[in-house]
Amino acid sequence: MEIAVYKPYGDHEFQSLIERIHPPRVCIDNDTCRNCTIVKVDSANKHGILLEMVQVLTDLDLLILRSYICSDGGWLMDVFHVTDQLGNKITDESLIHYIEQAICASRRGSREVQTCVGRNVRPRHVSMEHTAMEMTATDRPGLMSEISAVLAELGCHVSGAVAWTHNKRAACIVYMEDDLKHGPIMDPYRVAQIQAQLENVVEAHHYEGERRSVRLAAPAASQTHTERRLHQLMAADRDYEQCCSCGYDSSGDDVAHRQKKGSNCTEVKIENCKEKGYSIVTVRSMDRPKLLFDTICTLTDLQYVVFHASISSFESIAFQEYYVRHKNGWTLDSESERRRMIQNLMAATERRVSHELRLDVTTQNRVGLLADVTRVFRENGLSISRTEVGVQGEQAVGTFYVKDTSGQAVTSETLEIVRREIGGTVLVANKSSERPSSQPTNLSNTSPSISTSTSSSNGKQDNKPGFSLGSMFWSQLEWLSSNFRPIKS
């Protein structure tokens, strides 16, 4: 006797029917809140959509001060309180229109968004025209200098690069093109040659059996967001394994971890809400831009779905509370699952934190520029802990977090030598900061200059303490839903 097994109907057109009947609605409200712009999204839900929406906002360098997430029952209703880097509301009509377009395009799985007139809002962390080099290795002084020198010698023009270091591990993504053909490097022999040379650099100071990887990828329309890809590379490299070395406590349904690093203090707590069938993940850390993006990246890549969430801040401390289940419906029941979650969330909050000196460099773009700049750092005893470089028209713009390899403070004499040898404009922050200074940068200034400033780590803070989801989503969901309205046609 045969037993018939019936599976849910999985036709893609049928599943997208609800989206065609009820397309995403985005409302950008500048009237309700005095100090920030409120972005409200009402749409059918899918795995990863929360990350895509947060990515749209953070790619525009907007600060997410608070957020309320509700996506139970196949529908999402998300609210984001945002400002620009100076703490102002979003009033530029072209930028508002772009946010509405981009969020709706993310929901439909489309990358096609019309560029705003008079404003360059294209995400700078995605490159679909250049060959990408991905590398993970043991961190050491001069590594970035050696890699960029090899690329310059092989005729590779670097158009952008992002590199992070964490727990003595390093990961970087470099976008490059052929200097002669002015396009992506497509010749298989040339790709193999470049990869072999880079592997030699990475292997030079590694012990046998140490983890390392070098990979060249051709341009692809579906290329992963660069910063999300860096999270994935470092997680695959297991940089999170030391994140619980300062203490780990487990008792019943409560798992907590605290780690102090300078002024940075992070706590991750996991417990189960058996009545609702969720695991409650709470993260308490120093507030900074892109913190929400980094956390959502980790939860999404670990295949966990956020059903409800509340994010707020109080006196520069961020409180994040997530009600989650695994994509397959599981909660965090086993000790190993909880420990893995805690380690990954700790790493996600730490990778972007830098306590070193910050140098902002703007100069005329040319072939081999990155190799020359990093060589200047190396020759003056400076080691790079994090960097982000790119091109704006004819100018190359880069941010470097550096420290003295001897462990001493970087002297003013060293900074003067660096400024003179690099040329262009060099802005120096006395302490590393995750937020640019409120003073505008004069990119057109051709004479070298150094300025010293200390800026806050975030925008305006909400002076209200953190609160529990239990009192908001379960009792005020009807009020939250009523505040969504369709955008004007």
Side-chain angles (χ1 to χ4, degrees), residues 47-48 50-51 54 66-72 78 166-167 231-232 234-236 238-261 264-288 291-314 317-353 465-474:
H47 182 61
L50 175 59
L51 175 59
V54 172
R66 293 183 297 279
S67 182
Y68 314 126
I69 309 299
C70 180
S71 58
D72 226 344
D78 297 346
H166 179 242
N167 282 347
H231 278 298
Q232 294 173 346
M234 300 208 81
R238 305 200 300 275
D239 74 310
Y240 56 81
E241 290 183 341
Q242 299 181 42
C243 286
C244 287
S245 59
C246 294
Y248 181 78
D249 177 41
S250 174
S251 58
D253 288 337
D254 187 87
V255 179
H257 170 65
R258 294 174 179 85
Q259 182 179 26
K260 291 186 178 180
K261 185 177 181 180
N264 184 44
C265 179
T266 303
E267 175 183 340
V268 180
K269 181 178 180 181
I270 300 176
E271 56 187 349
N272 282 339
C273 178
K274 297 181 179 179
E275 296 80 8
K276 300 295 183 180
Y278 298 117
S279 289
I280 307 173
V281 180
T282 306
V283 182
R284 179 185 179 274
S285 66
M286 295 297 293
D287 195 13
R288 60 171 176 79
L291 177 62
L292 179 59
F293 173 82
D294 295 336
T295 306
I296 298 296
C297 265
T298 298
L299 294 173
T300 303
D301 288 335
L302 289 174
Q303 300 296 304
Y304 283 89
V305 179
V306 176
F307 288 90
H308 304 281
S310 170
I311 291 87
S312 61
S313 61
F314 176 65
I317 301 297
F319 301 89
Q320 303 178 70
E321 187 177 43
Y322 300 94
Y323 281 61
V324 304
R325 295 191 197 110
H326 193 273
K327 193 175 181 180
N328 292 332
W330 314 326
T331 55
L332 287 153
D333 295 322
S334 72
E335 184 75 10
S336 61
E337 290 173 327
R338 294 169 182 235
R339 183 178 182 88
R340 179 169 173 257
M341 173 71 81
I342 288 174
Q343 288 178 317
N344 276 273
L345 287 174
M346 288 292 301
T349 60
E350 293 173 0
R351 288 171 188 145
R352 207 189 291 268
V353 175
F467 51 90
S468 172
L469 280 169
S471 62
M472 187 184 77
F473 281 118
W474 307 125

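Positions are given from 1 along the sequence.
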Drop me the distance from [X]'s [atom1] to [Y]'s [atom2], to the nearest 0.5 angstrom.
{"X": "Ser279", "Y": "Met341", "atom1": "OG", "atom2": "CE", "result": "7.5 Å"}
{"X": "Asn344", "Y": "Arg339", "atom1": "CG", "atom2": "CZ", "result": "11.5 Å"}
{"X": "Leu345", "Y": "Leu302", "atom1": "CG", "atom2": "CG", "result": "7.5 Å"}
{"X": "Gln343", "Y": "Thr298", "atom1": "CD", "atom2": "OG1", "result": "12.5 Å"}
{"X": "Glu267", "Y": "Phe319", "atom1": "CD", "atom2": "CZ", "result": "9.5 Å"}
{"X": "Ile317", "Y": "Ser285", "atom1": "CD1", "atom2": "OG", "result": "7.5 Å"}

Report the C-alpha separation of Phe293 and Leu51 in whole Å, then their side-chain angles, then the decisive distance to 0.1 Å, and conclude whether the side-chain contact (heavy atoms from CB on, under 4.5 Å) test is met.
CA-CA 7 Å; Phe293 173 82; Leu51 175 59; 3.8 Å; yes
If only atom types and distance count, is the side chain of [X] paired as donor or acceptor with the main-chain N or O of [Y] below 3.5 Å?
{"X": "Asp239", "Y": "Asn167", "answer": "no"}
{"X": "Arg351", "Y": "His166", "answer": "no"}
{"X": "Ser313", "Y": "Asp287", "answer": "no"}
{"X": "Ser71", "Y": "Val306", "answer": "yes"}

Compare all side-chain heavy atoms of [X] with those of [Y] and state whether any distance is below 4.5 angstrom.
{"X": "Met286", "Y": "Thr266", "value": "no"}
{"X": "Glu271", "Y": "Cys273", "value": "no"}
{"X": "Ile311", "Y": "Tyr322", "value": "yes"}
{"X": "Thr282", "Y": "Glu321", "value": "yes"}

Residues in ring-ring contact (aromatic ring centres under 6.0 Å, His included) with His326, at least two apart?
Tyr304, Trp330
Looking at Arg284, Arg338, Met346, Gln320, which hits side chain to side chain contact (heavy atoms under 4.5 Å, CB included) with Val268?
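Only match with Val268 under side chain to side chain contact (heavy atoms under 4.5 Å, CB included): Met346.
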Mind listing the closest non-hydrogen atom pair of [X] and [Y] along with its distance?
{"X": "Thr300", "Y": "Gly48", "result": "CG2-CA, 4.2 Å"}
{"X": "Ala235", "Y": "Tyr240", "result": "O-CE2, 3.3 Å"}
{"X": "Asp333", "Y": "Thr331", "result": "OD1-OG1, 2.8 Å"}

Do the rings of Phe307 and Tyr278 sit parallel, tilted or perpendicular, given the 30° and 60° boundaries?
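Because their plane-to-plane angle lies in the 30° to 60° range, the rings of Phe307 and Tyr278 count as tilted.
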Run Leu292 and Ile296 through side-chain contact (heavy atoms from CB on, under 4.5 Å) and show every step you take.
CA-CA 6 Å; Leu292 179 59; Ile296 298 296; 3.8 Å; yes
Excluding sequence neighbours, so at least two apart, what forms side-chain hydrogen bond (donor to acceptor under 3.5 Å, both in side chains) with Asp294?
His231, Arg288, Arg352
